[in-house]
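Note that the numbering runs from 1 along the sequence shown for the chain.
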Amino acid sequence: MIEVIQSYERHLHTETLDALYQMRARVFKDRLDWDVNVSDGREIDYFDDCDPVYLISRNQYTGRVEGGLRLLPTTGPNMLRDVFSVLLPDGEIVESPLIWESSRFAIDPDLASDGNRRLHSVTTELLCGIVEVGMLAGIDFVVSVYDARMARIFKLANCPADVIGVPTRIGRVMTYAGLFEISEEMRAGIAAAGQITGSVLRSETQVHAAAA
């Protein structure tokens, strides 16, 4: 089940977000060796202070945070515009109230020892969550910056991307910017790949609509 945390309720979920930041440090610094700032075992950056919407995958039996990501409107600070603009042609930006950005998609690395089945279910649960939250918010697309590893995962998850700009090697990895459609068709394809039935969001979930 996906827990959605919006900016106005962050103070109610400090332990959950702390677990997310610790997991991100283990994924992005310890496992992937990205150039990220880790302080006191937590990976937190500037964009975490820009009022993102967080999606958290929590184990229904243990309560452990097993995955997460954040969503930001492209009308404000976002990683594609402010960090990875090299991926877009000169002068081009992605900015629309109907396009949000997904970033810091992370799965607990300890799940790898449980086999691909559980890891895949958390991945597809989060991807379905993005689409469901997007539909609740009334947006049309999500844009994301991702590497070749995630491109393979998206393909396995029936989550096609429309690559924009030019794929570019950043550091040691080929990096892409892609647009993902927010639609019932997209959700159905991901759900089929992950054998998901029904909504992945908690029944009481409400999301502030995007300003058109």
*For the student: nearest non-hydrogen atoms of Arg70 and Asp48, plus distance*: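 Heavy atoms of Arg70 and Asp48 come nearest at NH1-OD1, 3.0 Å.
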*Are Asp110 and Arg64 ion-paired here, with the side-chain N under 4.0 Å from a carboxylate O?*
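Counted as a salt bridge, because a side-chain N and a carboxylate O are separated by less than 4.0 Å.
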_Between Ile130 and Phe47, is there shared hydrophobic-cluster membership here, with clusters defined by ILVMFWY side-chain heavy atoms closer than 4.5 Å?_
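No, no single cluster joins them.
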*So how far is it from Met150 CE to Ile153 CD1, rounded to the nearest 0.5 Å?*
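CD1 of Ile153 is found 4.5 Å from CE of Met150.
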*What is the minimum heavy-atom distance between Pro77 and Leu72, and which atoms define it?*
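It is O-CD1, 3.7 Å.
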*Members other than Val166 in its cluster, when Ile, Leu, Val, Met, Phe, Trp, Tyr link by side-chain heavy atoms under 4.5 Å?*
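Val166 clusters with nothing; isolated.
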_Check whether Asn158 reaches the backbone of Gly189 with its side chain - one donor and one acceptor, N or O, closer than 3.5 Å._
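The answer is yes, because a donor-acceptor pair under 3.5 Å joins these two groups.
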*Answer whether the closest heavy-atom distance between the side chains of Met79 and Val145 falls below 4.5 Å.*
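No. Closest side-chain heavy atoms not under 4.5 Å.
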*asked:* If I take atom SG from residue Cys50 and atom CG from residue Asp45, how far apart are they, to the nearest 0.5 angstrom?
replied: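 It is 8.0 Å, given to the nearest 0.5 Å.
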_I need the Ile190 CD1 to Cys128 SG distance, nearest 0.5 Å._
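Here the interatomic distance stands at 5.0 Å.
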_Side-chain heavy atoms of Ile182 within contact of Asp140, under 4.5 Å_ =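 No - every pair of side-chain heavy atoms lies 4.5 Å or more apart.
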*asked:* Ignoring hydrogens, what is the shortest heavy-atom contact between Arg26 and Pro109? Give both atom names and the distance.
replied: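 Closest pair (atom of Arg26, atom of Pro109, distance): NH1-CG, 3.6 Å.
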*asked:* side chain to side chain contact (heavy atoms under 4.5 Å, CB included), that's the test. Do Ile99 and Val94 meet it? Break it down for me.
replied: CA-CA 8 Å; Ile99 302 176; Val94 175; 4.0 Å; yes
*Would you call Val142 and Glu101 a side-chain contact if the rule is heavy atoms closer than 4.5 Å?*
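No; the side chains remain at least 4.5 Å from each other.
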*Kindly say whether the aromatic ring centers of Tyr146 and Phe105 come within a distance under 6.0 Å.*
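That pair fails the under 6.0 Å test.
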*Check: His11 main-chain N/O paired with Thr14 side-chain donor or acceptor under 3.5 Å*: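 Not confirmed, Thr14 side chain does not pair with His11 backbone.
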*Taking all non-hydrogen atoms of both residues, which atom of Arg24 and which atom of Ala106 are closest, and how far apart?*
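The answer is CG-CB, 4.3 Å.
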*asked:* Quick one: does any side-chain atom of Glu43 pair with a main-chain N or O of Gln22 as donor and acceptor, under 3.5 Å?
replied: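 Judged by distance alone, no pair lies under 3.5 Å.
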_More than 12 heavy atoms of other groups within 6.0 Å of Glu15 CD_ =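 No, the 6.0 Å shell around CD holds no more than 12 heavy atoms from other groups.
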*Output the distance between atom OG (Ser57) and atom CD (Glu66), rounded to the nearest 0.5 Å.*
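Ser57 OG to Glu66 CD: 6.0 Å, rounded to 0.5 Å.
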*Closest approach of Met1 and Glu125, non-hydrogen atoms and distance?*
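Closest heavy-atom pair between Met1 and Glu125: N-OE2, 2.6 Å.
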*Look at the side chain of Arg42 and the backbone N and O of Asp40, then say whether any donor-acceptor pair between them is shorter than 3.5 Å.*
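Between the backbone of Asp40 and the side chain of Arg42 there is a qualifying donor-acceptor contact (under 3.5 Å).
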*Any side-chain heavy atom of Pro52 within less than 4.5 Å of one from Leu71?*
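Contact flag for Pro52/Leu71 side chains = no.
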*Please answer whether the main-chain N or O of Asp49 pairs with a side-chain N or O of Asp51 as donor and acceptor at a distance below 3.5 Å.*
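No, because the side chain of Asp51 does not come within donor-acceptor range (under 3.5 Å) of the backbone of Asp49.
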*Hydrophobic cluster mates of Val38, side-chain heavy atoms under 4.5 angstrom, ILVMFWY only, any path?*
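Ile5, Leu17, Leu20, Tyr21, Met23, Val27, Phe28, Leu32, Trp34, Val36, Ile44, Tyr54, Ile56, Val65, listed by chain and number.
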*Can you hop from Ile93 to Val143 via hydrophobic side chains spaced under 4.5 Å?*
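No, Ile93 does not connect to Val143 through the hydrophobic network.
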*Rounded to the nearest 0.5 Å, what separation is found between the CG atom of Leu201 and the CD atom of Glu132?*
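Reported value, rounded in 0.5 Å steps: 4.0 Å.
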_Sidechain-backbone polar pair: Thr74 side chain, Ser96 backbone, donor-acceptor under 3.5 Å_ =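 Yes, because the side chain of Thr74 sits within donor-acceptor range (under 3.5 Å) of the backbone of Ser96.
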_From Leu127 atom CG to Cys159 atom SG, the distance as rounded to the nearest 0.5 Å_ =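 Going from CG on Leu127 over to SG on Cys159, the span is 5.0 Å.
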_Set out, in order, the CA-CA distance, both residues' side-chain angles and the distance that settles side chain to side chain contact (heavy atoms under 4.5 Å, CB included) for Ile107 and Leu126, then state yes or no._
CA-CA 9 Å; Ile107 305 294; Leu126 283 169; 3.5 Å; yes
*May I ask whether Phe141 and Phe180 are part of the same hydrophobic cluster, defined by side-chain heavy atoms of I, L, V, M, F, W, Y residues being less than 4.5 angstrom apart, directly or through others?*
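No; Phe180 is not reachable from Phe141 via cluster members.
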*asked:* Quick check: is Leu80 connected to Tyr176 through a chain of hydrophobic side chains (ILVMFWY, heavy atoms under 4.5 Å apart)?
replied: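 Different hydrophobic clusters.
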*Do side-chain atoms of Ser144 reach the backbone of Ser102 as a donor and acceptor pair under 3.5 angstrom?*
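Side chain of Ser144 to backbone of Ser102: a pair is present.
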_Ignoring hydrogens, what is the shortest heavy-atom contact between Gly178 and Ala161? Give both atom names and the distance._
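In terms of heavy atoms, the two residues are closest at CA-CB, 4.4 Å.
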*Is the backbone N or O of Asp82 less than 3.5 Å from a side-chain atom of Ser85, with the two atoms forming a donor-acceptor pair by type?*
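Absent.
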*Within 6.0 Å of CD in Glu184, more than 12 heavy atoms from elsewhere*: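 Check passes, neighbour count above 12.
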*Please examine the side chains of Leu136 and Val4, heavy atoms only from C-beta on, and report whether any two atoms are closer than 4.5 Å.*
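No, side chains not in contact.
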*asked:* Is there a path of hydrophobic side-chain contacts, each under 4.5 Å between heavy atoms, that joins Phe154 and Ile164?
replied: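 No: no chain of side-chain contacts under 4.5 Å links Phe154 to Ile164.
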*In sequence, state the C-alpha distance, the side-chain angles, and the governing distance for Arg58 and Thr16, and then conclude on side chain to side chain contact (heavy atoms under 4.5 Å, CB included).*
CA-CA 9 Å; Arg58 188 187 294 277; Thr16 297; 2.6 Å; yes
*Is a side-chain N or O of Arg169 found less than 3.5 angstrom from the main chain of Arg172, in a donor-acceptor match?*
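Checked: pair present.
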*Just wondering, do Ile170 and Phe84 contact through their side chains at under 4.5 Å, heavy atoms?*
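Yes. Closest side-chain heavy atoms under 4.5 Å.
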*Do Thr168 and Thr175 have side chains that get closer than 4.5 Å, going by heavy atoms?*
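Heavy-atom side-chain distance check fails, nothing below 4.5 Å.
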*Do the side chain of Glu92 and the main chain of Pro89 share a donor and acceptor less than 3.5 angstrom apart?*
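Not confirmed, Glu92 side chain does not pair with Pro89 backbone.
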